[in-house]
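Structure, as structure tokens:
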Amino acid sequence: MRYCFLALILIVSCKPQQAEKEVENYPVLETMGYYQRFSQKLWLAGQNQNWELADFYTHELEEVTERLVEGNVIHDDYNISNLSEAMLLPKIEKVEEAIRKKDQVLFLENYELMISSCNLCHNATKHNFIKILVPNDSKIWNQDFTSK
Ligand code: HEC
């Protein structure tokens with residue numbers, strides 16, 4: 001019985017350490033890669049008024065964000081999870097609303113707001129050199145690589 005009790009203490013005291021390790025290793029950069037890819041494809045789907053495809057990419061963005069929020073991720077002292085929940089998630093939902101209405105003008109407006117929230121968070125986390133753009137046909141990537 002005493003050993004059981006000791007084992008229980010051991011399990012309880014091991015668990016939080018394990019959880020912390022997982023948070024430390026959370027693939028923030030991978031998440032950002034998904035964000036960039038899905039947001040670019042989302043814009044292209046919207047340009048083509050392909051609402052079914054646009055809805056798919058919006059859901060992917062939402063899922064990636066929800067996973068990040070649940071991960072309680074601290075990155076360079078910034079709570080990336082809380083920031084994403086407060087800044088990005090509501091903007092993704094706004095894009096979703098425009099897709100439901102099949103309203104291209106509203107879609108573009110809300111898409112721009114969503115991209116602003118990406119950049120606002122880059123500024124807030126001292127990554128202001130990562131500048132995401134609303135794509136246009138002349139650019140392959142939705143990122144500004146200039147130093148201005
Ligand atoms: C909660 C804050 C936050 C939000 C919201 C956010 N980012 Fe990031 N992003 C970061 C941080 C922090 C890094 C740097 C990660 C690192 O240093 O490993 C980063 C890095 C990046 C990179 C560089 C990595 C690469 O693959 O080139 C890209 C691109 C990027 N983000 C795209 C986006 C896009 C697109 C969105 C919006 C859909 C977005 N981010 C939203 C915080 C955020």
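Indexing begins at 1, ligand by ligand and atom by atom, following the structure's order.
Each of the atoms 1 (C), 12 (C) of ligand 1 lies under 4.0 Å from some heavy atom of I80. Those atoms of ligand 1 that come under 4.0 Å of a heavy atom in L29, given as number and element, are 15 (C), 16 (C), 18 (O), 24 (C). Near Q36, the atoms of ligand 1 lying under 4.0 angstrom from a non-hydrogen atom of the residue are 29 (C), 35 (C).
Note that CG of L61 and NZ of K41 are 11.5 Å apart. Values are rounded to the nearest 0.5 Å. Here the straight-line distance linking atom CG of D103 with atom CG of N110 works out to 8.5 Å at 0.5 Å rounding. For the atom pair L113 CG and I92 CD1, the distance stands at 12.5 Å (nearest 0.5 Å). Note that CE of M114 and CH2 of W43 are 12.5 Å apart. Values are rounded to the nearest 0.5 Å.
Partners of E93 by side-chain contact (heavy atoms from CB on, under 4.5 Å), not counting sequence neighbours, listed by chain and number: E62, L89, E96.
When the options M32, H127, E30 are ranked by their closest heavy atom to atom 42 (C) of ligand 1, first place goes to M32.
Contacts between H122 and ligand 1 below 4.0 angstrom, taking non-hydrogen atoms only, involve the side chain exclusively. Contacts of H75 with ligand 1, taken as heavy-atom pairs under 4.0 Å, involve the side chain alone.
The shortest N or O to N or O distance between T125 and ligand 1 is not under 3.5 Å.
Aromatic rings of H59 and Y57 (six-membered ring for Trp) have centroids beyond the 6.0 Å cut-off, not under it.
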